[in-house]
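See structure below.
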Amino acid sequence: PSEIPPTRYHRLVVSINQTSDEVGDIASLHKVIGILKEFPGKDEVSLCVNSGGKVVNLTLSALTANYCSDLHQKLVELVGEDLLRVETQA
């Protein structure tokens, strides 16, 4: 009998740098969440907020996404390639 390959899940870690522009930062956060909501699925999402040298990691347990190339592209356009990390989990 052939084995069914394990389902792979992803964990998206989106980093956001806090700036002195609080309104702009909140708008960026809302844009990230809006994009993630366009791709509902089972992949975990975490935010990594860098605030003046302190890093706060937030797991968004109420928000999951379906990681795909379109989602990746939209997030990269918003936050940049270096601020998006994707971990694959079996």
Side-chain angles (χ1 to χ4, degrees):
S2 63
E3 289 186 29
I4 298 171
T7 302
R8 292 195 177 271
Y9 292 101
H10 298 90
R11 181 170 177 254
L12 284 72
V13 181
V14 182
S15 296
I16 297 175
N17 292 317
Q18 187 173 5
T19 67
S20 58
D21 178 9
E22 185 176 341
V23 173
D25 292 347
I26 292 170
S28 293
L29 177 60
H30 283 290
K31 285 180 189 173
V32 167
I33 291 171
I35 289 170
L36 292 166
K37 286 182 175 180
E38 290 177 34
F39 297 87
K42 297 189 178 199
D43 295 321
E44 290 180 32
V45 179
S46 294
L47 284 179
C48 181
V49 181
N50 184 353
S51 173
K54 288 190 229 170
V55 177
V56 178
N57 292 304
L58 305 169
T59 300
L60 303 179
S61 56
L63 179 63
T64 54
N66 179 28
Y67 178 72
C68 62
S69 60
D70 288 343
L71 173 57
H72 184 95
Q73 185 60 40
K74 285 188 171 199
L75 288 173
V76 165
E77 287 172 6
L78 185 61
V79 301
E81 189 78 50
D82 55 334
L83 295 180
L84 176 63
R85 188 172 79 238
V86 180
E87 302 167 354
T88 302
Q89 304 169 336

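The shown structure was predicted, so the numbers you read here are calculated from the model rather than taken from an experiment.
Between Leu60 atom CG and Ser46 atom OG the span is 6.5 Å, to the nearest 0.5 Å. Here His72 contributes atom NE2 and Glu81 contributes atom CD; the two are 4.0 Å apart, rounded to the nearest 0.5 Å. Separation of atoms CG (Leu47) and CG (Leu36) is listed at 8.0 Å; rounding is to 0.5 Å.
Take Thr64 and apply the side-chain contact (heavy atoms from CB on, under 4.5 Å) test, not counting sequence neighbours, and it matches no residue.
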**Request:** Output, in order, the C-alpha distance, side-chain angles, deciding distance and verdict of side chain to side chain contact (heavy atoms under 4.5 Å, CB included) for Ile35 and Leu71.
**Result:** CA-CA 7 Å; Ile35 289 170; Leu71 173 57; 3.6 Å; yes
**Request:** Take Glu44 and Tyr9 through the test side chain to side chain contact (heavy atoms under 4.5 Å, CB included) and record every step on the way to the result.
**Result:** CA-CA 8 Å; Glu44 290 180 32; Tyr9 292 101; over 6 Å; no
**Asked** What do the steps show when you test Val32 against Leu75 for side chain to side chain contact (heavy atoms under 4.5 Å, CB included), and what is the final call?
**Response** CA-CA 7 Å; Val32 167; Leu75 288 173; 4.2 Å; yes
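Using a distance-only test at 3.5 Å, with no hydrogens or angles considered, no donor-acceptor pair links the side chain of Asn66 to the main chain of Gly41.
Residues Val49 and Leu84 share a single hydrophobic cluster, defined by chaining ILVMFWY side chains whose heavy atoms lie under 4.5 Å apart. Taken together through direct or relayed side-chain contacts under 4.5 Å among Ile, Leu, Val, Met, Phe, Trp and Tyr, Val56 and Val13 form parts of separate hydrophobic clusters.
Evaluation of the side chain to side chain donor-acceptor pair (under 3.5 Å) test over residues 21-37, restricted to residues two or more places apart or in two chains, returns Thr19-Asp25.
Tyr67 and Asp43 make their closest contact through N-OD2, 2.7 Å (heavy atoms, listed as atom of the first residue, atom of the second, distance).
Residues Val55 and Cys48 meet the side-chain proximity criterion, which asks for heavy atoms closer than 4.5 Å.
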